[in-house]
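Since the structure comes first, as structure tokens, the remarks are kept for the end.
All chains are named by letter (A, B, ...) in the order of the sequence lines, taking the proteins before the strands, and each is independently numbered beginning at 1. Computed over heavy atoms, backbone and side chain alike; hydrogens, waters and symmetry mates excluded.
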Protein chains: 2
Amino acid sequence: MNEVVVLTPERILEVTEDVLRRFGLAKATVVDVARALDVSHGSVYRHFPSKASLREAVAKRWLDRVSAPLAKIAEGSGPAPARLERWLRTLCLAKQKKVCDDPEMFATYLALAREACVVVKAHKERLADQIATILYDGVKQGAFQVTDVRASARAILDAISRYHHPAHAGEWKDADLAERFDALLALLLKGLEAPRKR
Amino acid sequence: MNEVVVLTPERILEVTEDVLRRFGLAKATVVDVARALDVSHGSVYRHFPSKASLREAVAKRWLDRVSAPLAKIAEGSGPAPARLERWLRTLCLAKQKKVCDDPEMFATYLALAREACVVVKAHKERLADQIATILYDGVKQGAFQVTDVRASARAILDAISRYHHPAHAGEWKDADLAERFDALLALLLKGLEAPRKR
DNA sequence: TGGATAACAGATATTGAAATCTGTCATCCA
DNA sequence: TGGATGACAGATTTCAATATCTGTTATCCA
């Protein structure tokens, strides 16, 4: 049988994540990754053109893991307002859980994200698309009154920055966090709402 | 005549700001400040118990200069929605102008604010109070329908974080900034609005 | 012949000794 | 006697030599 373990980009990314977890972003080197894979560092450069591109790929993996469960909610069915609320709560709670469970790794990913701004931008576009999907449903259902779905989707994502953007992670320990988030959510949903028929 | 120049806290703060401008936050020392004042650094410690407290006082001065013109708007008269819009635009444009005019000094103040989180918290409370003042007027005028003025005020401040919080300064160069801010503002104002009488 | 390697040059990081800084205090002086 | 001073100890920063890392390439091998 003697399985020959081949060096794939996927395997490199896994090990890189592990190395980042153990050493932190500042200290982790390509040589460390190669050592953990038991290959020369030149071999890593065969699969990724630079250290920056390797890091970018790790960032992308992480962000994809964030957006996947949200996509499920966005593409679900049922009343749009409830769905939007669930989507927004899921996004913010996921981020807040991450920082709470493993603050060091979160800090690592934050720094990584700052470098890989192209990847982050694409991620934000995807999130805005998901909100837009829900808003579009809401307009069809007559629950929302929105003139520009795309602009509103971005406005909502912007509005909750404080509760999902890693730069604000330091403010997530406040006792009144949930209360304030609820107030913001209520304000946004009221802003989207179509006037009641009577 | 021979005016004796006395060493006042105010004069120390002025010179400290100047030293910060010239050397940057990381390099500026209490000794530098004392040198610029032509006194021993021990004299500075007679007026401020520590370097941290000196920096805090500088941060406070800066934040007070931000909130003063906003207080004028908040305490003005006229229709609350227009006043709120003006207040929010003034806050965000002031911050964005600062970062555009003197990015280095802005970075210095950002780092300073991160240290002096107590002072920053008080500043945010003051801003929320100002918004609450406008909201209260709006409710009285029948323009806004808000159950908890204080909570709504904080929700609004939170919602525009992306456009006034220095942590997002990197995103203020985007071409669609004004457009996106307008969309968010419209959404928030719609959320505050009392249903039209008919 | 695709994929791994070791050797290499230039860039970056580490390290430890020396310099500087922070905060205190006994002393001075107007 | 309130306010300034300079000397001081311990903490922090700087700087330059040394080590390590990044990215390339000629070479190897299965």
Plane angle bin for B:His168 and A:His165 - parallel if under 30°, tilted between 30 and 60°, otherwise perpendicular: perpendicular

Whether over 12 other heavy atoms sit under 6.0 Å from A:Asp101 CG: yes

A:His41, nearest nucleotide to its side chain (from C:dA4, C:dA7, C:dT22): C:dA7

Whole-Å distance separating the CZ atom of B:Arg46 from the C1' atom of D:dG3: 5 Å

Euclidean distance, B:Asp182 CG relative to B:Asp176 CG, rounded to 0.5 Å: 11.0 Å

Contact residues, residues 21-38 of chain B to DNA chain D [heavy atom, < 4.0 Å]: none

Residue pair B:Asp102, B:Lys98: steps toward the salt bridge (charged side-chain N to carboxylate O under 4.0 Å, His left out) verdict: CA-CA 6 Å; B:Asp102 190 346; B:Lys98 270 182 216 297; over 6 Å; no

Crowding at CZ, B:Phe106 (>12 non-hydrogen neighbours, <6.0 Å): yes

Derivation and outcome, salt bridge (charged side-chain N to carboxylate O under 4.0 Å, His left out), residues A:Arg126 and A:Asp64: CA-CA 10 Å; A:Arg126 241 176 310 153; A:Asp64 285 349; 2.8 Å; yes

Any B:Ser43 side-chain N or O less than 4.0 Å from OP1/OP2 of D:dA4: no

Neighbours of DNA chain D within residues 48-58 of chain A, by heavy-atom distance under 4.0 Å: A:Ser50, A:Lys51

Hydrophobic cluster membership, B:Met105 vs B:Leu54, 4.5 Å side-chain cutoff: yes

Short side-chain N/O contact to D:dA4 OP1/OP2 from B:His47, under 4.0 Å: yes

From CA spacing to verdict: salt bridge (charged side-chain N to carboxylate O under 4.0 Å, His left out), B:Arg61, B:Glu10: CA-CA 10 Å; B:Arg61 250 171 76 101; B:Glu10 186 55 30; 2.3 Å; yes

